[in-house]
Amino acid sequence: MEFLELSMICDTKMKKQSFFSHYKSIKSIFVSLINKDMFSKLAYSVFEQSIKDYHQFDNVDQPINNPYPKDKFEHLLYLKNWIDTVQWHFEDIIRDPQIDPVAALTLKRRIDASNQERTDMVEYIDSYFLQKYSDVKAKDGAKINSESPAWAFDRLSILALKIYHMQEEANRAEASQEHRDKCQEKLNILLEQRSDLSTAIDDLLSDIENGEKFMKVYKQMKMYNDDDLNPVLYQNKK
């Protein structure tokens, strides 16, 4: 199977860098993975670490300092969430009604690049799962899941951000008690969602490994960043 070659964006000027050139194979990233039943717990703990580290600076231009070795699954999970966390704050900034239009356009370009980076990362992780389960024979009646494992992890990463920021609002001292109470209610729902999603992820991986479900991954085929598919971009090439 041919795997994705990625050029990830992570420095302050959002220039392309080849973050994965040092990996000899996708398997080398995951050789030390713990039991499949611990996948969601592992992922969430890494997402929390990434969010905590980002908020030490709370600056979208802060370079990533990934604490996990490059041959560990945690390294990819941390990078995935760092991308999501930076984009979360991009989205906050661009909604400032006083933002300079030129700055907003520049930021929109960064958001587009971040969206592509996020998709590439998900597809890279999914390529591992496709290889991992390539020898599993699906049972008669096995069904396909509505989303791949990596996209489920993507949802868990975003959920970790929602929980972090809703917790901030529930505890914000200068906010009204009514505001804090409403945010606490929302936080309780998010925490319940985290439990359900974590269980669903671990169950999905177990079902795939046991042949109860099978993986089928479709690339997102985003068109807006492709100068061969976006009419505005390819017309400018003439």
Side-chain angles (χ1 to χ4, degrees), residues 1-8 10 18-50 66-84 114-161 192-222:
M1 183 171 73
E2 198 172 13
F3 296 112
L4 299 172
E5 292 181 358
L6 300 181
S7 182
M8 305 305 298
C10 192
S18 179
F19 274 79
F20 302 126
S21 60
H22 52 273
Y23 294 139
K24 295 181 179 179
S25 71
I26 286 183
K27 279 186 177 180
S28 70
I29 305 172
F30 302 92
V31 290
S32 64
L33 273 178
I34 56 179
N35 184 279
K36 64 180 182 300
D37 293 333
M38 300 294 288
F39 262 102
S40 66
K41 183 177 180 180
L42 169 69
Y44 197 84
S45 67
V46 174
F47 297 157
E48 285 187 310
Q49 182 65 50
S50 166
N66 198 319
Y68 297 100
K70 294 177 180 179
D71 61 346
K72 303 298 183 182
F73 187 41
E74 293 95 320
H75 186 89
L76 290 185
L77 293 173
Y78 188 96
L79 176 54
K80 169 68 179 71
N81 181 265
W82 187 274
I83 294 167
D84 296 337
S114 180
N115 272 322
Q116 187 66 58
E117 183 183 24
R118 168 177 168 252
T119 299
D120 289 345
M121 175 63 74
V122 172
E123 291 179 350
Y124 187 83
I125 293 173
D126 259 339
S127 65
Y128 159 72
F129 287 111
L130 282 170
Q131 177 172 298
K132 176 178 175 64
Y133 300 120
S134 61
D135 295 331
V136 175
K137 181 175 176 56
K139 297 178 181 178
D140 292 340
K143 298 179 179 180
I144 190 170
N145 202 56
S146 62
E147 65 183 351
S148 67
W151 279 113
F153 282 117
D154 174 75
R155 290 174 58 201
L156 189 63
S157 175
I158 302 302
L159 186 57
L161 280 161
E192 181 179 358
Q193 186 179 359
R194 179 183 65 182
S195 177
D196 290 342
L197 179 55
S198 297
T199 298
I201 289 172
D202 292 333
D203 286 349
L204 173 60
L205 294 175
S206 179
D207 286 344
I208 293 173
E209 183 164 326
N210 294 329
E212 303 289 345
K213 290 185 177 179
F214 63 92
M215 279 188 68
K216 191 174 184 181
V217 174
Y218 294 94
K219 289 187 177 182
Q220 293 300 298
M221 302 182 188
K222 292 185 181 292

The reported gap from CG in L79 to CD in E74 (rounded to nearest 0.5 angstrom) is 13.5 Å
Applying side-chain contact (heavy atoms from CB on, under 4.5 Å) to D207 and not counting sequence neighbours gives E212, K213
Side-chain (T119) to main-chain (N115) donor-acceptor, under 3.5 angstrom: yes
Tightest non-hydrogen contact, residues F129 and L205, listed as CE2-CD2, 3.7 Å
By side-chain hydrogen bond (donor to acceptor under 3.5 Å, both in side chains), K137 pairs with (sequence neighbours left out) none
Of all heavy-atom pairs linking A142 and G211, the shortest is CB-O, 3.4 Å
query: Side-chain contact, heavy-atom cut-off 4.5 Å: Y68 with L76?
result: no
Between the CG atom in L130 and the CD1 atom in I125, the distance rounded to the nearest 0.5 Å is 12.5 Å
Contacts of A43 meeting side-chain contact (heavy atoms from CB on, under 4.5 Å) (sequence neighbours excluded), chain-then-number -> F47, L77, F153, L156
To the nearest 0.5 Å, atom CG of D71 lies from atom NE2 of H75 at 9.5 Å
So CG of D196 and CZ of R194: to nearest 0.5 Å the spacing works out to 11.0 Å
When every non-hydrogen atom of A150 is compared with those of V122, the smallest separation belongs to CB-O, 3.3 Å
S157 meets the side-chain hydrogen bond (donor to acceptor under 3.5 Å, both in side chains) criterion, sequence neighbours left out, with N81, D84
Within the distance-only criterion (no hydrogens, no angle test), does the side chain of S134 pair as donor or acceptor with the backbone N or O of Q131 below 3.5 angstrom?
yes
Distance col, row D203:CG vs S40:OG, nearest 0.5 angstrom, shows 9.5 Å
Rounding to 0.5 Å, atoms CG (N145) and CD1 (I208) come to a distance of 7.0 Å
S195 side chain vs E192 backbone, donor-acceptor pair below 3.5 Å: no
Sorted by chain and residue number, the side-chain hydrogen bond (donor to acceptor under 3.5 Å, both in side chains) partners of S148 (sequence neighbours excluded) come out as D126
Tell me whether N66 contacts the main-chain N or O of Y78 through its side chain, where contact means a donor paired with an acceptor under 3.5 Å.
no
Residues at least two apart in sequence or cross-chain that pass side-chain hydrogen bond (donor to acceptor under 3.5 Å, both in side chains) with Q193, listed by chain then number, are none
The complete set of salt bridge (Lys or Arg N to Asp or Glu O under 4.0 Å) pairs with one or both residues in residues 141-150, sequence neighbours excluded, reads E147-R155
With sequence neighbours left out, the residues meeting side-chain contact (heavy atoms from CB on, under 4.5 Å) with A200 are none
Run the numbers on V217 and E123 for side chain to side chain contact (heavy atoms under 4.5 Å, CB included), then give the verdict.
-> CA-CA 8 Å; V217 174; E123 291 179 350; 5.6 Å; no
Taking every heavy atom of V136 against every heavy atom of E209, the minimum-distance pair comes out as CG1-O, 3.6 Å
